[in-house]
Amino acid sequence: MAFEAHQQQISFLLGKKIYCIPRNQRKYVWGNDNWKNLLEDLDFLQGTGKYHFLGSIVLNTQSNPNNDDIEYYEIVDGQQRITTIILILIVIAQIFKDRNEDALFQGLLPYIQTTNINNQTSSTLHTDVHTCIMNLVSCVADKETPYNTMQLLITNFITNKKQDSIIEKCLKYYYDILKSRNTDEVAAFRNALISTNYVNIKTAGEDAYTVFEILNARGMDLENHELLKNFILRYTVPINNVDIARQEWKDEIENRLGKNITNFLKHYVAHKYGIAGVTKNRAVYDAIKKNTSIAEVNRLFCDLKLKAKYYQQIVCESDMHGEPPTEIDRIFKFMLSNRSLLFRPIYLSLLHQTELGNISEDKLIKVLKCIQYFFVCYNLISKETSNKISEGIQKYASLIENEYSNDVLKQFLLHLKNRMPTKMEFRNTFKLIGYSNHCEYYHDNKNKQRADMALSILEQIKSGRVDIPSFTIEHILPDSQNRENAMIGNLMPLEENLNGLCKDKQLNEKISIYDRSNFTTVRNVSNRYRDNVVNFNINSRSMVMADELYDEINHILGAL
């Protein structure tokens, strides 16, 4: 297979060449987002020493039907881009024509109309789908035509409104913007357009289509963060700051986040734009790019660096420099240990509003505690799936970030509270939590995680401590006796060394061991049953534990 690939400028693409769009290719489909991105890119790059890059254009060399000095190509990949460029040049030619800028007008014609050695002219672009383009080129190139305004051109040559409405919209889009600029500005825009770079891939026969398939099949998709890095570095201003920006990206984003960079960008998009479910390749990058004009790239980069710092704290990888963890850090550690990713967009927004001074640190702690306790109740204990509340989380993350007020924060907390199970539903689920090495039904990591969670939160409530030390699960009555003894009403947190002393002992023998524990919930059990161990009832205790936990969660959710 033989083909040529060279980086060229559009000025090379459009000289003494005719391009045909095969009938089997789709019609022109670009829309406002595409037009806007191209316009902003060309505007932004003027005077920076950089040029817009169109990607690769694959061309299939065709035989010369007229045996003249014109080169003929079939467009295999690139028809949307080439069509857009021709339409923009038609608009610019009409503007020069309107203003009697004859030199500029004549200088532009060779890009939209090719003249052969016999002085015969033809549109640079040939298409059977949108034949109006060739007619528009022919008319705008004729200085004597009576159709001397863009509206007259559109009215008289775009007659198939259904098929060619997108062509009309494209012409109007660029004309409405460019006509308001002075002639020097329009000429500068023209220069930026024809200086655009692309990779010209040229071959003959069916090889062109094979090349196209290979490029698409073998090309490895870049990660979202790689695409975003390229986007930021490309549009960093001034241009001599690119090396600084590259180092900052490495230090403040890549090195700071490490393996967490992928989740960070997903959660950034959710918190910044309220966009959920961005899991497809490039979706995160496309969402950021769609919501960021070229002129806002520097601001975007600053925001990404700031939010990366917050995310480092959220995933508990901040460098504390030997300082003890704060209550906020302990809550984030708790959520991380229980693999809770759902609320991270909310955390980004809350941390930002705290730094802006809109939320006090004390209030932030209370809100984070609300989220933590809700998560315990809703997600782990009640076994509810997070996708039932994810849409609301994205919504309020964006509102707190972009439209913060005390009312918005209250609405978010009410949103959580309204999704709590009823007390009866909570009781019925809570009493079924259990863990045991001796009972196969309860012997797995998920059951242990739920039991650890419930015991840890109850210890927080009873002791008032946020940072609960590691513990083993103690079965008050031997779990080897029956399945009921594996359930939550029979479980306590206990230090590992004390747990070892309790092995094979009856409850009355373990009371003195429980007295030595640093866990408040354990000492409460020893005090309660010291003289009446026969009254210990697993089901009754589980109901008391459920009520204490549920009431505390509701109290916290309603406190703000």
A.B. asks: Assess the residue pair Leu38 and Thr196 against the criterion (side chain to side chain contact (heavy atoms under 4.5 Å, CB included)); give the C-alpha distance rounded to whole Å, side-chain angles, the decisive distance to 0.1 Å, and a yes or no.
C.D. replies: CA-CA 10 Å; Leu38 179 57; Thr196 293; 5.6 Å; no

A.B. asks: Between Ser195 (side chain) and Ala192 (backbone), is there a donor-acceptor pair under 3.5 Å?
C.D. replies: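 Not confirmed, Ser195 side chain does not pair with Ala192 backbone.
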
A.B. asks: Determine whether the aromatic ring centres of His267 and Phe264 lie less than 6.0 Å apart.
C.D. replies: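 Centroid separation for His267 and Phe264: 6.0 Å or greater.
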
A.B. asks: Give me the ring orientation class for Tyr28 and Trp30: parallel if the planes are under 30° apart, tilted from 30 to 60°, perpendicular past 60°.
C.D. replies: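 It falls in the tilted class, 30° to 60°.
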
A.B. asks: Quick check for you: to the nearest 0.5 Å, what is the distance between Ile371 atom CD1 and Tyr378 atom OH?
C.D. replies: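 Reported to 0.5 Å precision, the distance equals 15.0 Å.
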
A.B. asks: Applying side chain to side chain contact (heavy atoms under 4.5 Å, CB included), run through Thr262 and Asn224 and close with a yes or a no.
C.D. replies: CA-CA 7 Å; Thr262 298; Asn224 283 294; 5.9 Å; no

A.B. asks: Are more than 12 heavy atoms, taken from residues, nucleotides or ligands other than Glu361, located less than 6.0 Å from that residue's CD atom?
C.D. replies: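 Result for CD/Glu361: open.
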
A.B. asks: If you count the non-hydrogen atoms of other residues, nucleotides and ligands that lie under 6.0 Å from CZ in Arg299, is the total more than 12?
C.D. replies: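 Count not over threshold, so no.
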
A.B. asks: Side chains of Gln394 and Ile275: does their closest heavy-atom pair fall under 4.5 Å?
C.D. replies: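 When only atoms from C-beta onward are counted, Ile275 and Gln394 do not touch, as no gap falls below 4.5 Å.
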
A.B. asks: Are any side-chain N or O atoms of Gln353 and backbone N or O atoms of Ile400, one a donor and one an acceptor, separated by less than 3.5 Å?
C.D. replies: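 Yes.
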
A.B. asks: Verify salt bridge (Lys or Arg N to Asp or Glu O under 4.0 Å) between Glu401 and Lys272, making sure each step is shown before the conclusion.
C.D. replies: CA-CA 7 Å; Glu401 170 66 12; Lys272 191 74 174 178; 3.8 Å; yes

A.B. asks: Find the distance between SG (Cys377) and CG (Leu416) and round it off to the nearest 0.5 Å.
C.D. replies: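 If we round to the nearest 0.5 Å, Cys377:SG and Leu416:CG are 11.0 Å apart.
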
A.B. asks: Do we see a donor-acceptor contact under 3.5 Å between the side chains of Lys395 and His415?
C.D. replies: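 No, no side-chain donor-acceptor contact under 3.5 Å.
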
A.B. asks: Hey, which of Asn60, Leu59, Val58 is the one that makes side-chain contact (heavy atoms from CB on, under 4.5 Å) with Tyr73?
C.D. replies: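 Per the side-chain contact (heavy atoms from CB on, under 4.5 Å) rule, the option paired with Tyr73 is Leu59, out of Asn60, Leu59, Val58.
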
A.B. asks: Can you tell if the side chain of Asn160 reaches within under 4.5 Å of the side chain of Cys132, non-hydrogen atoms only?
C.D. replies: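 Asn160 does not reach Cys132 side chain to side chain.
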
A.B. asks: How close do Ile346 and Ala397 get, heavy atom to heavy atom, and via which atoms?
C.D. replies: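 The answer is CD1-N, 3.4 Å.
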
A.B. asks: For the residue pair Asn402 / Tyr404, report whether a side-chain donor-acceptor contact shorter than 3.5 Å exists.
C.D. replies: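 No - no donor-acceptor pair under 3.5 Å links their side chains.
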
A.B. asks: Considering non-hydrogen atoms only, spot the tightest contact between Met150 and Ile90 and give its length.
C.D. replies: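 Heavy-atom minimum between the residues: CE-O, 4.4 Å.
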
A.B. asks: Dump the intermediate steps for side chain to side chain contact (heavy atoms under 4.5 Å, CB included) on Tyr373 and Met420, then the final yes or no.
C.D. replies: CA-CA 11 Å; Tyr373 278 49; Met420 285 276 289; over 6 Å; no

A.B. asks: Using 0.5 Å steps for rounding, measure from the CG atom of Leu108 to the CD atom of Gln113.
C.D. replies: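 Rounded to the nearest 0.5 Å, the CG-CD separation comes to 11.0 Å.
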
A.B. asks: Measure up the Trp35 and Tyr173 rings against each other and bin them: parallel (under 30°), tilted (30 to 60°), perpendicular (over 60°).
C.D. replies: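 Ring orientation, 0 to 90° scale: tilted.
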
A.B. asks: Only one of Ile112, Leu125, Ile194, Leu89 clears side-chain contact (heavy atoms from CB on, under 4.5 Å) with Leu14; which?
C.D. replies: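 The passing option is Leu89.
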
A.B. asks: Within this structure, what is the CD1-CG distance for the pair Ile82 and Leu87, rounded to the nearest 0.5 Å?
C.D. replies: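 Answer rounded to 0.5 Å: 12.0 Å.
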
A.B. asks: Measure the NZ-NZ distance between Lys250 and Lys229 for me, rounded to the nearest 0.5 Å.
C.D. replies: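 It comes to 8.5 Å.
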
A.B. asks: Could you check if a side-chain atom of Arg190 sits within less than 4.5 angstrom of a side-chain atom of Leu104, using non-hydrogen atoms only?
C.D. replies: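 A side-chain contact under 4.5 Å exists here.
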
A.B. asks: Has Gln163 got a side-chain atom pairing as donor or acceptor with Val129's backbone, closer than 3.5 angstrom?
C.D. replies: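 Yes; at least one donor-acceptor contact below 3.5 Å.
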
A.B. asks: Please name the pair of heavy atoms, one in Met453 and one in Phe334, separated by the smallest distance, quoted to 0.1 Å.
C.D. replies: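 Here Met453 and Phe334 meet closest at SD-CZ, 2.8 Å.
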
A.B. asks: Determine whether Asp176 and Lys179 satisfy the following criterion, salt bridge (Lys or Arg N to Asp or Glu O under 4.0 Å), listing intermediate values before the conclusion.
C.D. replies: CA-CA 6 Å; Asp176 287 345; Lys179 72 178 180 181; 3.8 Å; yes

A.B. asks: Within the 3.5 Å criterion, strictly below it, is a donor on Tyr311 or Asn263 matched to an acceptor on the partner's side chain?
C.D. replies: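 No donor-acceptor contact under 3.5 Å links the two side chains.
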
A.B. asks: For residues Leu368 and Phe332, determine if any side-chain heavy atom of one lies less than 4.5 Å from a side-chain heavy atom of the other.
C.D. replies: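 SC-SC contact between Leu368 and Phe332 confirmed.
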
A.B. asks: Quick one: are Arg81 and Thr84 in side-chain contact, heavy atoms under 4.5 Å?
C.D. replies: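 Sidechains of Thr84 and Arg81: no contact.
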
A.B. asks: Identify the two heavy atoms, one from Leu257 and one from Ala308, that lie closest to each other, and give their separation to 0.1 Å.
C.D. replies: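 It is CD2-O, 3.6 Å.
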
A.B. asks: Ignoring hydrogens and angles, state whether a donor on the side chain of Asp407 or Gln411 is under 3.5 Å from an acceptor on the partner side chain.
C.D. replies: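 No.
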
A.B. asks: Of all the heavy-atom pairs spanning Tyr268 and Ile288, show the shortest one and how long it is.
C.D. replies: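 The answer is CD2-CD1, 4.2 Å.
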
A.B. asks: To the nearest 0.5 Å, what is the distance between CG (Leu54) and CG (Asn200)?
C.D. replies: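 Between Leu54 CG and Asn200 CG, I get 11.5 Å after rounding to 0.5 Å.
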
A.B. asks: Is any side-chain heavy atom of Phe96 closer than 4.5 Å to a side-chain heavy atom of Val140?
C.D. replies: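 No - every pair of side-chain heavy atoms lies 4.5 Å or more apart.
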
A.B. asks: Answer yes or no: is there a donor N or O on one side and an acceptor on the other, between the side chain of Thr292 and the main chain of Val297, under 3.5 Å?
C.D. replies: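 Answer holds: no.
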
A.B. asks: Check Phe105 against Ala93 and note the closest heavy-atom contact, atom names and distance.
C.D. replies: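 Where Phe105 meets Ala93 most closely, the heavy atoms are CD1-O, 3.5 Å.
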
A.B. asks: Can you check whether Phe189 reaches Ile95 side chain to side chain, under 4.5 Å on heavy atoms?
C.D. replies: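 When only atoms from C-beta onward are counted, Ile95 and Phe189 do not touch, as no gap falls below 4.5 Å.
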
A.B. asks: Counting only heavy atoms not in Lys259, do more than 12 fall under 6.0 Å of its NZ?
C.D. replies: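 At most 12 heavy atoms, drawn from other residues, nucleotides or ligands, come within 6.0 Å of this atom.
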
A.B. asks: Kindly determine whether Lys17 and Thr124 satisfy side chain to side chain contact (heavy atoms under 4.5 Å, CB included), including the steps that lead there.
C.D. replies: CA-CA 6 Å; Lys17 300 174 181 71; Thr124 299; 5.6 Å; no

A.B. asks: Does Asn37 offer a backbone N or O that forms a donor-acceptor pair with the side chain of Asp41 under 3.5 Å?
C.D. replies: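 No; judged by distance alone, with no hydrogens or angles, the pair does not exist.
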
A.B. asks: Are side-chain heavy atoms of Arg99 and Val186 found at a separation under 4.5 Å?
C.D. replies: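 In short, these two side chains touch, coming nearer than 4.5 Å.
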
A.B. asks: Would you confirm whether Thr83, through its side chain, and Gln80, through its main-chain N or O, come within 3.5 Å as a donor-acceptor pair?
C.D. replies: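 No; zero donor-acceptor contacts below 3.5 Å.
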
A.B. asks: Going by the angle between their ring planes, with limits at 30° and 60°, are Tyr310 and His352 parallel, tilted or perpendicular?
C.D. replies: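 It falls in the tilted class, 30° to 60°.
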
A.B. asks: Can you check salt bridge (Lys or Arg N to Asp or Glu O under 4.0 Å) on Lys366 and Asp362, steps first, answer last?
C.D. replies: CA-CA 7 Å; Lys366 291 178 180 177; Asp362 180 61; 3.5 Å; yes

A.B. asks: Count the heavy atoms of every other residue, nucleotide or ligand shown that sit under 6.0 Å from NZ of Lys27, and state whether that count exceeds 12.
C.D. replies: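 12 or below, so no.
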
A.B. asks: Got a donor-acceptor contact below 3.5 angstrom from the Ser123 side chain to the His126 backbone?
C.D. replies: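 Side chain of Ser123 to backbone of His126, a donor-acceptor pair under 3.5 Å: no, none is there.
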
